Protein chains: 2
Amino acid sequence: MRGRPTISDVAAKAGVSKGLVSFALNDRPGVAPETRERILSAARELGFSPSLRARSLSSARAYALGLVIARDPDILRGDPFFPAFIAGVESELATAGLALVLSVVPDEESELAAYRRLAGDGRVDGFFLTDLRAHDPRIALVDELRLPAVTLGHPDAPSPFPAVSMDDTAGITSAVEHLASLGHSRIAHVAGPGRMLHGSRRRDAFLAAAEACGVKQALVVETDFTAADGARATRELLEGSDPPTAVVYSNDPMAIAGLGVAQRAGIEVPRQLSITGFDGSEIGEHLHPSLSSVVTDASAWGAAAARVLLAAIDGEMLHDTELPPARFLARESTAPPETATSPH
Amino acid sequence: MRGRPTISDVAAKAGVSKGLVSFALNDRPGVAPETRERILSAARELGFSPSLRARSLSSARAYALGLVIARDPDILRGDPFFPAFIAGVESELATAGLALVLSVVPDEESELAAYRRLAGDGRVDGFFLTDLRAHDPRIALVDELRLPAVTLGHPDAPSPFPAVSMDDTAGITSAVEHLASLGHSRIAHVAGPGRMLHGSRRRDAFLAAAEACGVKQALVVETDFTAADGARATRELLEGSDPPTAVVYSNDPMAIAGLGVAQRAGIEVPRQLSITGFDGSEIGEHLHPSLSSVVTDASAWGAAAARVLLAAIDGEMLHDTELPPARFLARESTAPPETATSPH
DNA sequence: CTCGTCCATTGAACCGGTTTAGCTGACTTT
DNA sequence: AAAGTCAGCTAAACCGGTTCAATGGACGAG
């Protein structure tokens, strides 16, 4: 018995057939309690742990879940979402004995190929679908690949997969309400790409909240989510005639870049310009002024998504899950507009 | 022939045995050119791709590499290193047909267990060892697990694994030289944890460079690499008697937090305090003042590490690899100290 | 012409599990 | 007492590849 013990070693030691060992180890009915005990202790004594590879082959499961991230490296670098999300996913996977297979691809072209490859190789039993886009082709693809999945947020079309959502519009809405209540009437939104659902959803939430609050001027500038583009958008806004007195950014890196642009232009934040971010990255807390932001719990999101996907793999189709909404956290980068408070 | 085609289908179509198909597909000698061609075209016509699971079982390989990240989620969030590193790794793995299995664990306790689990389950053929620590137990562990690995940087003890290093000390050294040449004589270093080799290596480089440049006062404060702790270290330094006129941070999030602390205390950067970061995250470019930093190419590092590890798996023991050193990039957060230039 | 060599190829064992058909014997049922 | 039921278990097929000993045939050497 060189190498690690196999199921046959356990069977021999317990004096039964290997089929029965398989039954006993997988808690299947039809094994006498006494025999089961004998098998389990034989396995324990030998330090037996089943070969995942053999199990994968015969049970046609990969015991792994897939996450494909298609983002420009530049966006990924500053983004606090994925590390936290993955940490949350892992917290559930480890106990379930599954692993996470990660694929990072540079663009959306390679993305579909990555899904095909992971599925075609039988490497994963299901996918996490993050960063949903309008008419997202991945939903049909993964469905065609006959694998379960969970979407982060609701797609814009009927989907065969359960969704785990966190209402980020609530955070945007309360950011706008906060700014409006401070007296701002010219508020801009630096949005993410319109094709990305969370980008357009936040934009819509912004516009709706602005209207509801009676905000006179509500501009939207679209960006690609990078800090550089956030800076560009901020410059455009500030250089326009009748510039906004507050800007709601759809992520923290852009808000931080926007803060830099304002300061560079000699505009004081928050006295002359209020700024809010999105994601509540740790770094925002330490800026001067510290960044008011919408905090999301990406780790909890990951854990919830993992639970739903695990259930889906076991054939239980769970209902869509709604997580506690993202909350707006006022820190120092928001204040009443200049004219309203300090007429000087 | 329901389901996807198997090697037997190909064999039947080509009129040969499945053993020979296996030979032909794996470019093994002993197959007549004409037969090989017939087999290959049969495979092509059927759209055959070998089952990774079956291959894993019979060839005792996982066709995947493992990366275990043991970091507090708070540190991970702001860190630009891993996303870029992983993107670099992926660029090499995809063509080699391997996948990346990622495990994120919250602390060093779970870390060794994660390595054991990935290896015990036969999920990976090798490991990337990042964030080396003093007397790192993972080296002995992975060696005991009989898996190849590649270390990022040289361990502090003899190691059976090839190392892929990027000289980050060069960047620290030239940051200090830059500051010294501007006239700074009281320079502090906000270091990472001393147990982490890159933390202590950067600290040593700082001290050596400070001495070489004749810097009068060279303080070092140790941190846990989080922005919060970087802020704390900065406060301590600035509140001390005879505070430094320049601070060299060992990562960007801490430098950004330090910048915030200084600005909050009414200290102008760079006029009254110069600041340098480490990692060249995109966001630093957009701050006001933009952050002078040491830029590292984490993506190239990932690609190089992947190549070395792939070679090691194939049994070729490559020499240690040295990447181009990290370079210091002066932006706006460094300037001559106040007393030296603007006596006011 | 015969023997030995070598190349191309086959068949079967093997990797280590899961699954299913079928066997056994004890226990009910009429 | 014969038939039926069922829990407990075994043997073997199976998943889809890799690998290796054995084989058959072509060919050159003697």
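Here the structure is a predicted model, which is why all the values come from computation and not from measurement. To find a chain, count down the sequence lines: A is the first, B the second, and so on, and within it residues start at 1.
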Notebook entry, point to check: If you walk 5' to 3' along DNA chain C, what is the first nucleotide with an atom under 4.0 Å of a heavy atom in chain B, and what is the last?
Noted result: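 So the outermost contacting nucleotides come out as dA8(C) to dG16(C).
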
Could you tell me whether [X] contacts a base, only the sugar-phosphate backbone, or nothing, with contacts defined as non-hydrogen atoms closer than 4.0 Å?
{"X": "Ser17(B)", "answer": "base"}
{"X": "Ser56(A)", "answer": "nothing"}
{"X": "Val21(B)", "answer": "nothing"}

Let me know the distance between [atom1] of [X] and [atom2] of [N], rounded to the nearest Å.
{"X": "Ile39(A)", "N": "dG8(D)", "atom1": "CD1", "atom2": "P", "answer": "12 Å"}
{"X": "Arg38(A)", "N": "dC9(D)", "atom1": "CZ", "atom2": "C1'", "answer": "11 Å"}
{"X": "Asp27(B)", "N": "dT18(D)", "atom1": "CG", "atom2": "C1'", "answer": "15 Å"}
{"X": "Phe48(B)", "N": "dT18(D)", "atom1": "CZ", "atom2": "P", "answer": "7 Å"}
{"X": "Leu20(B)", "N": "dT23(D)", "atom1": "CG", "atom2": "P", "answer": "18 Å"}
{"X": "Leu25(B)", "N": "dG17(D)", "atom1": "CG", "atom2": "P", "answer": "9 Å"}
{"X": "Arg28(B)", "N": "dG17(D)", "atom1": "CZ", "atom2": "C1'", "answer": "12 Å"}

Next item on the list: For the residue pair Ser49(B) and Arg4(B), confirm or rule out a side-chain donor-acceptor distance under 3.5 Å.
Entry: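 Yes, because at least one side-chain N or O of Ser49(B) sits under 3.5 Å from a partner of the opposite role on Arg4(B).
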
Margin query: For Ser58(B) and Arg53(A), which I'm curious about, is there any donor-acceptor pair between the side chains at under 3.5 Å?
Written below: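 Per modelled atom types, Ser58(B) and Arg53(A) side chains form no pair under 3.5 Å.
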
Notebook entry, point to check: Using a cut-off of less than 4.0 Å, is there contact between a side-chain N or O of Ser22(B) and OP1 or OP2 of dT18(D)?
Noted result: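 For dT18(D), OP1 or OP2 has a side-chain N or O of Ser22(B) closer than 4.0 Å.
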
Check: Between Ser59(B) and Leu57(A), who's closer to the 5' end of DNA chain D by nearest nucleotide?
Finding: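 Per heavy-atom nearest nucleotide, the more 5' residue is Leu57(A).
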
Item checked: Contacts of Glu108(B) that satisfy side-chain hydrogen bond (donor to acceptor under 3.5 Å, both in side chains) - sequence neighbours left out ->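 Applying side-chain hydrogen bond (donor to acceptor under 3.5 Å, both in side chains) to Glu108(B) gives Arg133(B), Arg195(B).
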
Next item on the list: Describe, as an angle rounded to 10 degrees, how the axis at the first end of the helix from dC1(C)-dG30(D) to dT30(C)-dA1(D) is tilted relative to the axis at the last end, five pairs per end.
Entry: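 The angle separating the two end axes equals 60°.
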
Margin query: Please check this pair: side chain of Ser59(A) against backbone of Arg55(A), looking for a donor-acceptor N/O pair closer than 3.5 Å.
Written below: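 Yes, Ser59(A) side chain to Arg55(A) backbone: donor-acceptor pair under 3.5 Å.
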
Check: Would you find a donor on one side and an acceptor on the other, under 3.5 Å apart, between the side chain of Ser41(B) and the backbone of Glu37(B)?
Finding: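 Yes: the side chain of Ser41(B) pairs with the backbone of Glu37(B).
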
Check: Going by the angle between their ring planes, with limits at 30° and 60°, are Phe81(B) and Phe85(B) parallel, tilted or perpendicular?
Finding: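 Judged by the thresholds at 30° and 60°, the geometry between Phe81(B) and Phe85(B) is parallel.
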
